[in-house]
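Worksheet: one structure, shown below.
Model, not experiment: these values are computed from the prediction.
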Amino acid sequence: MQYKSIFAVSTIHSFLWELIKNYQLDIKEWIRAEIMSDIADLEDKQSRGRASAAQIERAERIEKNKARLAKLNTIKRFSYNPNGENFGHDSLNHAEVIKMGSNFIAKNETMQKILVSKYPILLIDESQDTKKELIDALLTLHENDKSSFIIGMFGDTMQKIYMDGKDNLAVCIPDNWVKPTKVMNHRSATRIVDVANSIRKTIDGQRQRPRSDAERGTVRLFIVDSSANKPSIEHTVAKIMADETGDSEWLKSSECKSLILEHHMAATRLGFFNLYSPLNEIKSFDNALRDGTLPELSFLANTIRPLIKAHHDNQDFEISKILRQSSPLLDKRAFAVKNEKQSELIVTAEKAVNTLFSLWNKNKVPSCIDILQSVYKSGLFKLTDRMEETLVNPTKESSDEKISALRNALAAPFTQLELYDDYVSRNTQFATHQGIKGLEFPRVVVIIDDAESRGFLFSYEKLFGASPKTDTDLRNEREGKDTSIARTTRLFYVACTRAQKSLAVIAYTRDQNTVKETAMSNGWFMENEIRPL
């Protein structure tokens, strides 16, 4: 598809930031009101709460809010990076930009006029998972200005898997909108389309049909006790699928896609758990950790890793190229005028990079923090303030939970960073159920394991009848609200429909018999497709 300048394409976060970024006074006052509201709410809860860990946490949040409020007047301009972590007292976080942008669109007449004049036609992909506040604001804007503002919403309500999307979006769309449906499934084999339809019938009853020239395809459900050796089981499943499909590509991990519920499940299987686990405990790291943009890790992955690879491959030109691009020791300005200091700079840079390379001497594998210490001492590359703080007394306890988490994570060997980088770059067999919407693979393994996922938003044990519904589930059902079973059904649908030719579902469970009975009674799998292991 060719680029056309008439179309502006961006993420929701980038779109909203572009709209609001020049309204700095409005941003400041909105942030001030939000902070004061949050403080008031926390103080009210503190006054009614008892001594507990929650009370201590609230007290810390109150102090952080007050500190931010005190610094607010010193901020001349707010900054925001839609593609990474935002830290610093003048930075806005992702949630603030979404909430603020949606609020401005809903309530600020000037912002509404700017939006309509700049984007008279607005198309939203994955609308079922777009923030509910933004959807509400845009629907209201369209209702008030139908002649000038057109919205197109692309998506499938069956693929709504995030909590912050708008519930019952299909019901909220005005009746006079055109509502085309996709009936033909061009992706999957006939049997996989059948499975998808049988999963979907409990939600909205919509059905798709396969292409007339689609192959039959293969689906299997493997039911396994939760205590089993999971890497061994998953290796066995690959061999069985290869035998029963006659497709030897199942034996190559690079040719199969294994879908897991949580990133830490991939960290365990691929071997970067020590690096990942401490960072996974810090909620503000979530987005950056998942997409590889956490500054400490992205520096190691995008600067140090290529440098070390070039060294091991004896690529001196590539080493020089990386240093010229990134090292302050070889700053272009220092070489703009010829003088005797140039040779000194080259010698200094050469010594610094050789000191770094020596960490790998005699087949040693340095820790990530050893590498950063070497870079910090030599000045080979510029480090962020937080990286430098992490390196100061790395064995000393820090009151900053982010610094403590980073120190624990960066104690892991560099090989774990490489494995993590491969994973977030999608160069491994693993991906999450949530992260592969819109993608397709010839061979798919869907791994369902509530015990290992440690989540609460989804429950495959409930979906397959191995665990009872909770009082909350029953109350939500009565009130017409979303339930964990409905969410899990949609997620199961998304994961299974990624397969083109063959699909293997591995259900780790504490009740194998019930899982089998449920799978058959719901029409998801036939008895000859089910393999207890």
Side-chain angles (χ1 to χ4, degrees), residues 231 253-254 263-282 285 288-323 326-327 329 349-384 386-396 398 402-430:
S253 61
S254 61
H263 294 284
H264 72 81
M265 295 167 70
T268 300
R269 286 164 170 80
L270 291 173
F272 59 88
F273 186 79
N274 293 341
L275 176 82
Y276 186 86
S277 181
L279 303 176
N280 193 40
E281 299 298 320
I282 308 300
F285 284 169
L289 183 58
R290 289 171 188 162
D291 61 22
T293 58
L294 194 67
E296 293 76 7
L297 301 188
S298 63
F299 168 71
L300 290 165
N302 299 327
T303 301
I304 298 299
R305 188 179 186 188
L307 184 64
I308 300 307
K309 184 180 186 303
H311 170 61
H312 289 158
D313 293 344
N314 296 312
Q315 297 288 331
D316 292 340
F317 178 79
E318 184 64 20
I319 293 172
S320 298
K321 178 183 174 182
I322 293 170
L323 295 180
S326 304
S327 177
L329 298 181
E350 184 177 17
K351 182 179 178 182
V353 78
N354 285 335
T355 299
L356 176 64
F357 292 156
S358 70
L359 297 176
W360 279 264
N361 285 354
K362 299 180 180 180
N363 295 319
K364 292 180 181 177
V365 178
S367 69
C368 296
I369 209 158
D370 287 340
I371 294 166
L372 292 175
Q373 288 280 15
S374 176
V375 169
Y376 177 59
K377 290 176 182 177
S378 68
L380 183 60
F381 298 108
K382 173 66 176 172
L383 301 181
T384 65
R386 192 171 72 187
M387 287 187 203
E388 293 184 2
E389 186 178 352
T390 301
L391 296 174
V392 176
N393 296 323
T395 59
K396 183 181 178 181
S398 172
K402 293 182 181 180
I403 298 299
S404 294
L406 282 164
R407 287 175 179 170
N408 291 332
L410 294 171
F414 186 67
T415 47
Q416 290 202 19
L417 182 281
E418 294 174 309
L419 293 168
Y420 162 81
D421 184 39
D422 287 341
Y423 173 66
V424 295
S425 302
R426 297 189 175 182
N427 292 324
T428 72
Q429 73 185 89
F430 291 99

(Q) Please check this pair: side chain of Y276 against backbone of T268, looking for a donor-acceptor N/O pair closer than 3.5 Å. (A) no
Q. Looking at CG of L417 and CG of L410, how far apart are the two atoms once the value is rounded to the nearest 0.5 Å?
A. 8.5 Å
Q: Taking ring-ring contact (aromatic ring centres under 6.0 Å, His included) as the test, write out the residues that go with H263, two or more places apart.
A: Y423
Q | Set of residues satisfying ring-ring contact (aromatic ring centres under 6.0 Å, His included) with respect to F299, sequence neighbours excluded | A | F381
Q: Mind checking the CD-CG spacing from E296 to L372? Nearest 0.5 Å is all I need.
A: 8.0 Å
Q: Please list, chain by chain and in numerical order, all residues satisfying side chain to side chain contact (heavy atoms under 4.5 Å, CB included) with R426, sequence neighbours excluded.
A: L439
Q) How far apart are the closest heavy atoms of T303 and I322, and which atoms are they? A) O-CG2, 4.3 Å
**Q.** Non-neighbouring partners of R305 that pass side chain to side chain donor-acceptor pair (under 3.5 Å), sequence neighbours left out
**A.** D421, D422
Q: Find out whether I319 and F357 are in side-chain contact, i.e. whether some heavy atom of one side chain is under 4.5 Å from a heavy atom of the other.
A: yes
Q) Which salt bridge (charged side-chain N to carboxylate O under 4.0 Å, His left out) pairs, counting each pair once, include a residue from residues 266-275, with sequence neighbours left out? A) E234-R269, R269-E452
**Q.** Inter-residue atom distance I403.CD1 - M387.CE, 0.5 Å rounding
**A.** 11.0 Å
Q.
Would you compute the distance between atom NE2 of H312 and atom CH2 of W360 and round it to the nearest 0.5 angstrom?
A. 7.0 Å
Q. Roughly how far apart are S378 OG and L329 CG, rounded to 0.5 Å?
A. 6.5 Å
Q.
Suppose the criterion is salt bridge (charged side-chain N to carboxylate O under 4.0 Å, His left out): which pairs have a residue in residues 359-381, not counting sequence neighbours?
A. none
Q: Tell me, please, which residues at least two apart from D313 pass side chain to side chain donor-acceptor pair (under 3.5 Å).
A: K309
Q: Provide the closest heavy-atom pair for I369 versus T390 in the form atom of the first, atom of the second, distance.
A: CD1-O, 4.3 Å
Q) Residues two or more places apart in sequence or in another chain: which of them pass side chain to side chain donor-acceptor pair (under 3.5 Å) with Y376? A) none
Q: Would you please name every residue forming a side chain to side chain donor-acceptor pair (under 3.5 Å) with E418, sequence neighbours left out?
A: none
Q. In Å and rounded to the nearest 0.5 Å, what is the CD to CD1 distance from Q373 to I371?
A. 11.5 Å
**Q.** Sequence-distant partners of N274, side chain to side chain contact (heavy atoms under 4.5 Å, CB included), two or more places apart
**A.** A412, Q416
Q: Answer whether the closest heavy-atom distance between the side chains of I304 and V375 falls below 4.5 Å.
A: yes
Q. V353 and L307: which non-hydrogen atoms are nearest, and at how many Å?
A. CG2-CD2, 4.1 Å
Q) Can you name the nearest heavy-atom pair linking P306 to A301, along with the distance? A) CD-O, 3.2 Å
Q. With a 4.5 Å heavy-atom cut-off, do V424 and D291 have their side chains touching?
A. no
Q | L419: side chain to side chain contact (heavy atoms under 4.5 Å, CB included) partners, not counting sequence neighbours | A | F272
Q | Pairing residues for A411 by the side chain to side chain contact (heavy atoms under 4.5 Å, CB included) criterion, not counting sequence neighbours | A | none
